[in-house]
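Written below as structure tokens is the structure these notes are about.
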Amino acid sequence: QVQVVESGGGLVQAGGSLRLSCAASGRTLSSYTMAWFRQAPGKEREFVAALRKNIGETYYSDSVKGRFTISRDNAKNTLYLQMNSLKPEDTAVYYCAASDIMFPRKNDYLYWGQGTQVTVSS
């Protein structure tokens, strides 16, 4: 099984950028469908972006489409989330997750990191 650890969160002003990283160990990321989720205070954890295993297709929630980019570096076994044009409503704890299933639902992601805080000030 895979273990994942997120990093790269922080405090940024609205309109700024951050890049989150998700370092994996145990197995290669390309064996999994990888995703980013986020959870704001008092809200449910929500899907942000996914990168399908094998086919490499990317998917985004409507709220981040055009601003965020998910990518993977196979040599470093690391997943990234490039976040541009950040808004205060992007403030949340961001989680990296992995699933053995090519088209997983939220509950099909079995491997989760501890999360990294992103705070966007207005």
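Just so it is clear, the structure is predicted and the values come from calculations on it, not from any experiment.
If you take SG on Cys96 and OH on Tyr80, they are separated by 11.5 Å, rounding to the nearest 0.5 Å. To the nearest 0.5 Å, atom SG of residue Cys22 and atom CZ of residue Arg72 are 11.5 Å apart. Between the CG atom of Leu51 and the CD1 atom of Ile55 there is a distance of 9.0 Å, given to the nearest 0.5 Å. Here Phe68 contributes atom CZ and Thr58 contributes atom OG1; the two are 14.0 Å apart, rounded to the nearest 0.5 Å. Of the inter-residue distances, the one linking Arg67 atom CZ with Gln82 atom CD reads 12.0 Å to the nearest 0.5 angstrom. Distance check: Leu79 CG to Ser71 OG gives 7.0 Å after rounding to the nearest 0.5 Å.
Of all heavy-atom pairs spanning Ser31 and Lys53, the tightest one is O-CD, 3.2 Å. Scanning both residues, Leu20 and Met83, for their nearest heavy atoms gives CG-CE, 3.8 Å. Nearest approach of Ser122 to Ala14, heavy atoms of both residues: CA-CB, 4.4 Å. The two residues Ala24 and Arg27 have their closest heavy-atom pair at CB-O, 4.4 Å. The heavy-atom pair separating Asp90 from Tyr94 by the smallest distance is O-OH, 2.6 Å.
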- Between Thr116 and Arg38, does a side chain to side chain contact (heavy atoms under 4.5 Å, CB included) hold up when you go through it step by step? CA-CA 9 Å; Thr116 185; Arg38 67 186 182 186; over 6 Å; no
- Message: I'd like to know whether Asn77 forms a side chain to side chain donor-acceptor pair (under 3.5 Å) with Thr28, so could you lay out the CA-CA distance, the side-chain angles of the two residues, the decisive distance to 0.1 Å, and finally the verdict.
- Response: CA-CA 6 Å; Asn77 211 28; Thr28 58; 5.3 Å; no
- Evaluate side chain to side chain contact (heavy atoms under 4.5 Å, CB included) for Ser30 paired with Asn74, printing each intermediate quantity in order. CA-CA 7 Å; Ser30 58; Asn74 290 335; 4.1 Å; yes
- CA sep, side-chain torsions, deciding dist, call: Trp36, Glu6, side chain to side chain contact (heavy atoms under 4.5 Å, CB included): CA-CA 10 Å; Trp36 290 96; Glu6 305 94 335; 3.9 Å; yes
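Linking ILVMFWY side-chain heavy atoms closer than 4.5 Å, directly or via other members, places Ile70 and Val118 in a single hydrophobic cluster. Val4 and Val93 fall into different hydrophobic clusters, defined by Ile, Leu, Val, Met, Phe, Trp and Tyr side-chain heavy atoms under 4.5 Å apart, directly or through other members. No single ILVMFWY cluster, assembled from side-chain heavy atoms under 4.5 Å apart, contains both Tyr95 and Val2.
Shown here is Gln114, whose CD atom has more than 12 heavy atoms of other residues, nucleotides or ligands within 6.0 Å.
Thr78 contributes a side-chain N or O that, together with a main-chain N or O of Lys76, makes up a donor-acceptor pair within less than 3.5 Å. Distance alone, capped at 3.5 Å, places no donor-acceptor pair between the Thr119 side chain and the Leu11 backbone.
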Got a list of side-chain donor-acceptor pairs under 3.5 Å for residues 100-113, not counting sequence neighbours?
from   : atom 1 : to     : atom 2 : distance (Å)
Lys106 : NZ     : Arg45  : O      : 2.6
Asp108 : OD2    : Arg105 : N      : 2.8
Trp112 : NE1    : Tyr109 : O      : 2.8

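Under the rule for a ring pair (Phe, Tyr, Trp, His ring centres under 6.0 Å), the partners of Phe47 that lie at least two apart in sequence or sit in another chain are Phe37.
Residues Tyr59 and Arg52 are in side-chain contact: their nearest non-hydrogen atoms beyond the backbone lie under 4.5 Å apart.
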